[in-house]
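Please read the structure below before turning to the comments.
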Number of protein chains: 2
Amino acid sequence: MNSLAQKNTRRGRPPKVNHDNHDTRAALIRSGVELLTEHGFFASGIDKILKKIGVPKGSFYHYFSSKEDFGREVIENYASYFAKKLDTHLLNVELDPIQRIGSFVEDAKAGIQKHHYKRGCLVGNLEQEVDVLPDGYRQLLTDIFIDWQHRIEVCLREAQQQQLLSTNANCALLAEFFWVGWEGAVSRARLTQSAQPLENFLNQYLAGLPR
Amino acid sequence: MNSLAQKNTRRGRPPKVNHDNHDTRAALIRSGVELLTEHGFFASGIDKILKKIGVPKGSFYHYFSSKEDFGREVIENYASYFAKKLDTHLLNVELDPIQRIGSFVEDAKAGIQKHHYKRGCLVGNLEQEVDVLPDGYRQLLTDIFIDWQHRIEVCLREAQQQQLLSTNANCALLAEFFWVGWEGAVSRARLTQSAQPLENFLNQYLAGLPR
DNA sequence: ATTTTACTAGACGATCGGTCTATTATGTTC
DNA sequence: GAACATAATAGACCGATCGTCTAGTAAAAT
């Protein structure tokens, strides 16, 4: 009995083969990204996530087994989106490596301003909630920072090769310093509803790099 | 009729004149400081704050008119506690001004380690929640950062006078950069449950200061 | 028509901040 | 000591909201 014959013996509506390409499912994740970026995990109720896109509450647990699983997908979605954004700047050969960092900051700053300082960094938001988040989120968030840090580190090494950064510089530690400060700057920008903390952070960070 | 006579016409137990010196009230604020430092405002339920010190719920609204008012007092209590801690380090004439900053960082690091990376900075926690916090908290938190920034700024100016910092340095912006980065470092230390981000932040910050 | 899956409607218990009434404890004046 | 008034405690209760779940309808195949 071949697979076609097997298929023909099955009666009733066949299960959907690809569970990941539903409009509704994708819309839920997109809505989740937006709300978690604004308010973090706990303050983002499932009702609000659903209401934002007009999906009834009963549907949620058809697409996701729990808020915890949903959050995991939201985080991964954001991380991959953000990694692409980083690449477009940090791998831009039209700019020197130092300028690329400034290019990323300008892009992120524009996004934050566009949303009137209501949206921050999803990973930064959840970082601060981590003690009351589901188990496993901690490692997830840590790995994302490691990934981002590595991308900046590569960029800084390229700056070293182009004599824009001292060869004595520890690029890994400088990259960690960047993200630590950046998350702090985003948080402060949201508090003061001003881009000034972002700009000052970039200026001070670049000025402090060993040349 | 003089005031004494008026007093004598009132019968019964007179109202307490000083509402701020009750043990229970102080204990509630202390409990609030601890919980808000660990979990922020929203995740700190009144029940948990009460349970921590064995005070019944009925007492809460005797001492405070609302969670919002309570939170305001908790914030102010933390801010004054923290300001004192800053002074003990930043005004310590036995160290040079740059060393004083390191002295503060060491102290704070020890505190975070002592609580196993479960407690962060109360102001930093609430900073990130500010969009969903009661009105007025935003200004309250902003003012606290301005105060802290000013204390670091004064310290940096003293460093300039002692030729430890370039006279070209903008001490106000460097002070803002410090707190922005510090809050980011505390958040990261809690995520990774390690003091390394705190140490790296201090090292990079000091290394980046214009000499 | 029947079978199977995709999707939805709304109930459910737990918990939240907040309010309420009742009660006990304490201190002052007559 | 009796009468009085406030301090403080006790915990039931409310409406709202949380994440989750069960029972059902709609749709697509045989």
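Note that this is a predicted model, so its numbers are computed, not measured. Each chain gets a letter, A, B and so on, in the order the sequences are listed, and its residues count up from 1.
- Atom CZ in A:Arg25 sits about 13 Å away from atom P in C:dA6, given to the nearest Å.
- Checked against the 6.0 Å centroid criterion, the rings of A:Tyr205 and A:Phe178 qualify as a close aromatic pair.
- Taking A:Arg100 as the reference, A:Glu158 meet the salt bridge (Lys or Arg N to Asp or Glu O under 4.0 Å) condition, with sequence neighbours excluded.
- Two residues are said to be in side-chain contact when any heavy atoms from C-beta on lie closer than 4.5 Å; A:Arg72 and A:Tyr137 meet this criterion.
- A sub-4.0 Å separation between OP1 or OP2 of D:dA7 and a side-chain N or O of B:Tyr63 is absent.
- Computed from coordinates, the B:Ile53 CD1 to D:dA10 P distance equals 12 Å when rounded to whole Å.
- Relative ring orientation between B:Trp148 and B:Trp179 is described as tilted, the plane-to-plane angle lying within the 30° to 60° band.
- For the pair B:Ser59 and D:dT9, the criterion of a side-chain N or O lying under 4.0 Å from OP1 or OP2 is met.
- Looking at A:Asp131 and A:Arg138, their side chains come closer than 4.5 Å, going by heavy atoms from C-beta outward.
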Polar pairs (N or O, both sides) under 3.5 Å between protein and nucleotides 15-19 of chain D?
residue: D:dC18; atom: OP2; partner: A:Asp47; partner atom: OD2; Å: 3.3
residue: D:dG19; atom: OP1; partner: A:Lys67; partner atom: NZ; Å: 2.5
residue: D:dG19; atom: OP2; partner: A:Ile46; partner atom: N; Å: 2.9
residue: D:dG19; atom: N7; partner: A:Lys57; partner atom: NZ; Å: 3.2
residue: D:dG19; atom: O6; partner: A:Lys57; partner atom: NZ; Å: 3.3

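- If you take CZ of A:Phe60 and C1' of C:dA6, they are 17 Å apart, rounded to a whole angstrom.
- Put simply, CG on B:Leu50 is 12 Å from P on D:dG11, counting in whole angstrom units.
- Residue B:Thr24 places at least one side-chain N or O closer than 4.0 Å to OP1 or OP2 of D:dT9.
- Ring geometry for B:Phe201 against A:Phe177 counts as tilted: the plane angle lies between 30° and 60°, on a 0 to 90° scale.
- B:His62 has a side-chain polar atom (N or O) that falls below the 4.0 Å cut-off from OP1 or OP2 of D:dA8.
- A straight line from CD of A:Glu68 to P of D:dC21 spans 13 Å, rounded to a whole angstrom.
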